[in-house]
4 protein chains.
Amino acid sequence: MTERVTLDQLNAMDRAGFVAAIGDVFEYADWVADAAFAGRPFASVTALHSAMIEAVNAAPSDKQLAFIRDHPELGSKVAQTGHLTDESKAEQGSLGLDRLSGEEFRRFETLNAAYREKFGFPFVICVRRHTRDSVLNQFSRRLRNTADNERATALHEISLITQLRLVSKVAGPGAPKTDGRLSTHVLDNVLGKPAVGVKISFFEIGKSAIGLLAEVITNHDGRTDAPLLSGAPLRIGTYELRFHAASYFKARGIAVADPPYLDEVPIRFSIAEPEGHYHVPLLITPWSYSTYRGS
Amino acid sequence: MTERVTLDQLNAMDRAGFVAAIGDVFEYADWVADAAFAGRPFASVTALHSAMIEAVNAAPSDKQLAFIRDHPELGSKVAQTGHLTDESKAEQGSLGLDRLSGEEFRRFETLNAAYREKFGFPFVICVRRHTRDSVLNQFSRRLRNTADNERATALHEISLITQLRLVSKVAGPGAPKTDGRLSTHVLDNVLGKPAVGVKISFFEIGKSAIGLLAEVITNHDGRTDAPLLSGAPLRIGTYELRFHAASYFKARGIAVADPPYLDEVPIRFSIAEPEGHYHVPLLITPWSYSTYRGS
Amino acid sequence: MTERVTLDQLNAMDRAGFVAAIGDVFEYADWVADAAFAGRPFASVTALHSAMIEAVNAAPSDKQLAFIRDHPELGSKVAQTGHLTDESKAEQGSLGLDRLSGEEFRRFETLNAAYREKFGFPFVICVRRHTRDSVLNQFSRRLRNTADNERATALHEISLITQLRLVSKVAGPGAPKTDGRLSTHVLDNVLGKPAVGVKISFFEIGKSAIGLLAEVITNHDGRTDAPLLSGAPLRIGTYELRFHAASYFKARGIAVADPPYLDEVPIRFSIAEPEGHYHVPLLITPWSYSTYRGS
Amino acid sequence: MTERVTLDQLNAMDRAGFVAAIGDVFEYADWVADAAFAGRPFASVTALHSAMIEAVNAAPSDKQLAFIRDHPELGSKVAQTGHLTDESKAEQGSLGLDRLSGEEFRRFETLNAAYREKFGFPFVICVRRHTRDSVLNQFSRRLRNTADNERATALHEISLITQLRLVSKVAGPGAPKTDGRLSTHVLDNVLGKPAVGVKISFFEIGKSAIGLLAEVITNHDGRTDAPLLSGAPLRIGTYELRFHAASYFKARGIAVADPPYLDEVPIRFSIAEPEGHYHVPLLITPWSYSTYRGS
């Protein structure tokens, strides 16, 4: 992350400096920052973002529409023609939407075309809150919306996108909550103690493929030293934690069957709230286990 | 199953009839039945089998060895040369050992060669108690045995093989227990009732592949109308039950997240005792579940 | 239980015999059996009971009222004056309502008086479906009913009372389900096996006192040889199963703390459906346990 | 707690001041502090305590014995004769040993007499680590010890007693861990969220009586604002947390039976390690629950 400007500094800037500093938070729409400028000083980052969103809401309908239209298509060739802002490029890149296979590229093209045909503007979504599977689900669902609903939805997604951008540019009090957290905890119900040294493989489970995100080992408290995910929105999607139970029990001298009744224990779950805290514990013996959404 | 002879009928037969009836229980070794004939009448099928095993144990060492050597190699070309008994053909076919790919065939050839080189007889295993993964595990392990241990192991496997064959040929009291059972049960902990109408996909989980064995739906008691496996030995190996939880809860009007926190719940477990009862229940809510080896 | 008449025998009786056989099922109301006589032959015990209930429902309002009034008061001195039928005496005695302490007797007298003052007939309840606590709860609640609701409730309770009496007098097909069942099961999640030899103390938990109903030991399957309750309606009320976990684990050589973290594990639950099946299992290790309403 | 002296201050004192400051940590044995004085400066409170214990261990056997003999008897009339130090009075008072009933007093007298008869010194125990039940258990057990074992045990208990006293008198780095912690957490497995607003009654469960220690309500995270016990050693003994589950579910609009299957859920457990952390969570639905020793 490049160094951020502080809210105090922003509040002290003149109009030109203010717009230069945060104008590109809204894609090709310096006028949003320009309109928000009147609201200084801002007591919190959230108040600043609200003022910018109000400027969008106060704009005439055709200006709003033009503004939405200036967003890039997902996974499109736009990137190659140079019309993608750096922010958009980074956001889409995080999902690999700039490296689609031929077939995937065609699927996005078909959806993009259908969407633009129905609504007259590109499909806008805050990709940093989604896995690729989730983006495709949203695409299919939103194609069934009415035009009015979909325009409101696009503006809501823009609010989510710009909140993330603003937080990455401006340091200050009262920042909106934009990050989620995924954590786990393993309890050994034979010994009545945290299970220490359990290997956990952490996967994203996509429709067509499984990707290993991390391999971690539980510490002295049966937890991982750092959360499995944190510091950013969680991506809506399906995941699996695979706990290497049998090798843990063998290492502790606790008898298991041959082959062990439970070896790698998969816990598969989906994340629906990118800003939520997902705690996914495992209570285990060689012959039983429980899991639940904890806190 | 072809019609079985009764133990009473066997007990009443003359030597020739007796040997004709059950001589092929032991591979190319009519002499086993012939020796056991003296022990008539048999009070139970188990007693008959024990008498046959005693005949093997009482045989001179070189006769035993010749007898072990007359067993076919696993996955070998022997089948094509006609030296495989019908029983062996059926048993090996049940694991697909008669339809190996080129690579798998070579793996078996290598193991068979190493084994014969070390021990001087073919690798004998009661394949009906194993998955293919388990056969390969056993192969690797037993290659590390001493010659004495391995000869005893081979005779023990022959005892298991012939027990199954005898039970399929002779009806009568006191049959040895040769079948296992796998069952499940789904309880809905939100409603405090059996979970009715839950779809369950049942897989064998191999090293390199996953095979769907069955799809079933829970009945009014949260169970399946018939056990998932029964009437035969269970195969040592790894399995997965995948419970379609979210669609169950939606059908019952119980709120789930979007996407559901738990959708398809995988319970992965291994079977180690082919003649055991494995009861694998699931206690579930939209946010938690437990499983354990039940009874 | 005295020997029952069969439904076939009843169907073949003349009016006098029929009324003599089952007339006292309805308290001081031979006319109910007399009216039902016309409906012969009855295909099931349930059909017979329905015909008797219809006779009550078809009676003029003042006759119904007189019929309700002829029921004894709960815990009243009526018993001592001789106006209690044998059936009522046995039913009330099962709850100890014939052996009330002075204070309890006064509580019942106060409730009886308030009830009779408000509704003009005695409080009728099928005591065999209730603990004493539950009877008192019902008494307080029903005192708040409207007169119409309460008259319907009294007739419904009479239907429940007479169903039980009829089933105890008449043997035949299609008997209504009048009995419930309480069972348990203990699984040892350290060993992955049924917990054999676990002592269980079974209590009724009343407002003011705790009564030990039974002490049992789990068998080879972790269950009790017979259900904890069966063959009669369960009594609505609160119960506790106390599982002697620590002594079980010690006997199995499984380490526990000193004193054991879990020693006597109490599972407290209430029964709301007298004709239901309550399965109350325990899954346990020295450091954890689960219970749930099973099936 | 009165103001504590700091370790730095202690290290800077002369002999007289040093002994005046911490001499009474060891009952009627200023000489212990006096002997430890030579070890200054102490880098940690633990090092100071170790030096004092070494002084005891280095003392001649008869001086040790005299020192042990100077400890008061538990629950004795000594208090009334004035020979009890303030520390002993406070410690015994915390268990109510100064307010014993006649029968309890006689029980302690009998045990005290038998103990003194066998060992020649009074029964010494760190009462702040025990409930009254646990003290009595220890009394009975230790009466069966050999004289040598029991003298070592008495010295070990004196070490525990004086550690607590020293920590309450001296502030400084490296204090020995003398406090334990008991906490809980309630998760609602229907909603997949912390259970907020659950009333919990917390009891000590004695052999003959049940004492309510606290009533608390879970906060927004399903926990209690403060641990149930902390800041002191936990007392070895048996406890019960009673979770008022049905009223919680009713308040959340979640259906329960009438009467509720689970109403007040008792979790009974024993504490064996006074300096340990006992986390006793509850995972609950209206029809099921789990608990385990957490961390």
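In the text below, chain A, chain B and the rest are named by the order of the sequence lines, each starting its count at 1. Treat the numbers as computed from the prediction; the structure is a model and nothing was measured. Quick note: numbers below take in every heavy atom, side chains included, and nothing from hydrogens, waters or symmetry partners.
Within a 6.0 Å radius of NZ in Lys118(C), more than 12 heavy atoms belonging to other residues, nucleotides or ligands are found.
In terms of heavy-atom pairs under 4.5 Å with chain C, the best-connected choice from Gly294(D), Ala257(D), Ala246(D), Ala272(D) is Ala272(D). Taking chain D as the reference chain and counting heavy-atom pairs below 4.5 Å, the highest number among Glu273(C), Arg268(C), Glu264(C) is found for Arg268(C).
Using a 4.5 Å heavy-atom threshold, the side chains of Thr291(C) and Trp287(D) count as separate. Annotation: side chain of Pro259(D) is in contact with side chain of Ile236(C) (closest heavy-atom distance under 4.5 Å).
Contact detail for Ser270(C) and Pro260(D): the closest heavy-atom pair is CB-O, 3.2 Å. For Pro266(C) against Tyr289(D), the heavy-atom pair with the smallest separation is O-OH, 3.8 Å.
With a 4.5 angstrom heavy-atom cutoff, Tyr239(C) does not touch chain D via any of its atoms. Heavy atoms of Asp258(D) lying under 4.5 Å from chain C belong to its backbone as well as its side chain. Of the atoms belonging to Ile267(C), heavy atoms from both backbone and side chain fall under 4.5 Å from chain D.
Ring geometry for Phe269(C) against Tyr261(D) counts as tilted: the plane angle lies between 30° and 60°, on a 0 to 90° scale.
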